[in-house]
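Working notes for the structure below.
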Amino acid sequence: QRPAVTDTRLRVVTTFLPIWVFTSQVAGADAVVTNLLPPGAGPHEYALRPDDVQVLAQADVIVQNGLGLEGWLQGVITTVGTHATLVTATDGITVLAAPKTLVFADATAATDSTVDPHAWLDPVRAEQQLVGAGRGAHAAAPGQHHPLDGCPPRQYRGFDAHPARDRRVARDLHPTRRRQIGRAHV
C-alpha cells in the first residue's frame, strides 16, 4: 500500500515484513505504514526499484531492523536526501552472536558481522523490536503525540507478553544451545 500524496497521516516506511508487522501494530490506523520490499524479497541484498526511491523520499520515518541486515539502505537514504527520521528497531536490544556462516536462500555466505541480525525470530527479542519500532516519532516532530510513540508491549494490538511462556521456551530449548537450528524467513 503506497500512501496517497494528500494523506496527512505520518508516513512510515519499513524495510521488510517483520518490521512492517511490528510497526503496523504500533501505529494502527494513525499512520500509513508502507513496506519497502515486495512479498518474497529478502532484506539481505535487495535491489531498489525507482518507485521505492520515491517512497523513501516522501517518508517521515523509516524503520529498519539494523544489525547490518539492510546494508544497502544508508547509501540510498544519503542519495535520496530524505528528511525522514531513521529508526533502528534493534537499537538497545540484547543480540545473539552470529554463527561463523549464515545461510541465505540456498547459498552460504561468510559474514563479517559479530551479531545475528535475525532478532525477530526470537520471541523475547521480537517483543523488544516491537518497542524499538515505536522509537523515533518524537524525533520526527518533538513535543507532539504520534502513533509510533513507545508504550508497553502488552498495549499493542495482538501482541501480548507472556513471561511464563518465554521462560518455559528458554528452559525447553536450553539443551539445544550451541547447536544449529534451521530457520527460514522472507
Side-chain angles (χ1 to χ4, degrees), residues 1-93 95 102 104 109 111-113 115-121 125-151 153 156-157 159 185-186:
Q1 171 189 357
R2 303 290 189 202
V5 177
T6 58
D7 197 329
T8 59
R9 293 178 292 168
L10 191 68
R11 293 168 299 196
V12 182
V13 175
T14 60
T15 51
F16 68 108
L17 186 62
I19 304 304
W20 177 84
V21 170
F22 298 154
T23 305
S24 295
Q25 286 296 307
V26 175
D30 296 330
V32 177
V33 183
T34 303
N35 193 40
L36 195 60
L37 275 65
H44 298 284
E45 294 179 17
Y46 180 65
L48 289 172
R49 300 168 303 183
D51 62 326
D52 294 336
V53 174
Q54 182 179 2
V55 169
L56 287 169
Q58 295 174 350
D60 298 310
V61 178
I62 299 170
V63 184
Q64 68 172 345
N65 179 75
L67 302 176
L69 192 63
E70 303 100 331
W72 45 267
L73 184 62
Q74 190 58 53
V76 173
I77 289 173
T78 302
T79 301
V80 168
T82 181
H83 68 279
T85 300
L86 180 61
V87 177
T88 302
T90 55
D91 278 354
I93 74 168
V95 295
L102 295 175
F104 302 130
T111 179
D112 356 338
S113 178
V115 297
D116 184 346
H118 303 90
W120 71 92
L121 295 173
R125 287 170 185 79
E127 183 178 11
Q128 293 169 347
Q129 278 193 285
L130 183 67
V131 173
R135 289 189 200 107
H138 288 295
Q144 295 180 20
H145 172 73
H146 290 286
L148 296 183
D149 286 347
C151 63
Y156 295 134
R157 294 171 290 284
F159 197 101
H185 67 82
V186 253

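Sequential numbering from 1 along the given sequence is applied to the chain's residues.
- For the atom pair CD (Gln129) and CG (Asp91), the distance works out to 10.5 Å, reported to the nearest 0.5 Å.
- Side chain of Trp20 to backbone of Val33: a donor-acceptor contact under 3.5 angstrom is found.
- Heavy atoms only, all atoms of each residue included: Ala59 and Ala84 are closest at O-CB, 3.3 Å.
- None of Asp52, Leu56, Thr82, Asn35 except one satisfies the side-chain contact (heavy atoms from CB on, under 4.5 Å) rule with Val13; the exception is Leu56.
- Closest approach of His118 and His44 over heavy atoms only: NE2-CE1, 3.5 Å.
- Here the shortest heavy-atom pairing between Gly66 and Thr88 reads CA-CG2, 3.6 Å.
- Of the residues Val87, Leu86, Leu36, the one that meets the side-chain contact (heavy atoms from CB on, under 4.5 Å) test with Gln64 is Leu86.
- Asp60 contributes no side-chain N or O that, together with a main-chain N or O of Val12, makes up a donor-acceptor pair within less than 3.5 Å.
- Thr14 and Ile19 get closest at one heavy-atom pair: CG2-O, 3.8 Å.
- Rounded to the nearest 0.5 angstrom, Phe22 CZ and Trp120 CH2 are separated by 9.0 Å.
- Taking both residues in full, the closest heavy atoms of Asp116 and Leu67 are given as O-CD1, 3.7 Å, listed atom of the first, atom of the second, then distance.
- For the pair Asn65 (side chain) and Thr15 (backbone), a donor-acceptor distance under 3.5 Å is absent.
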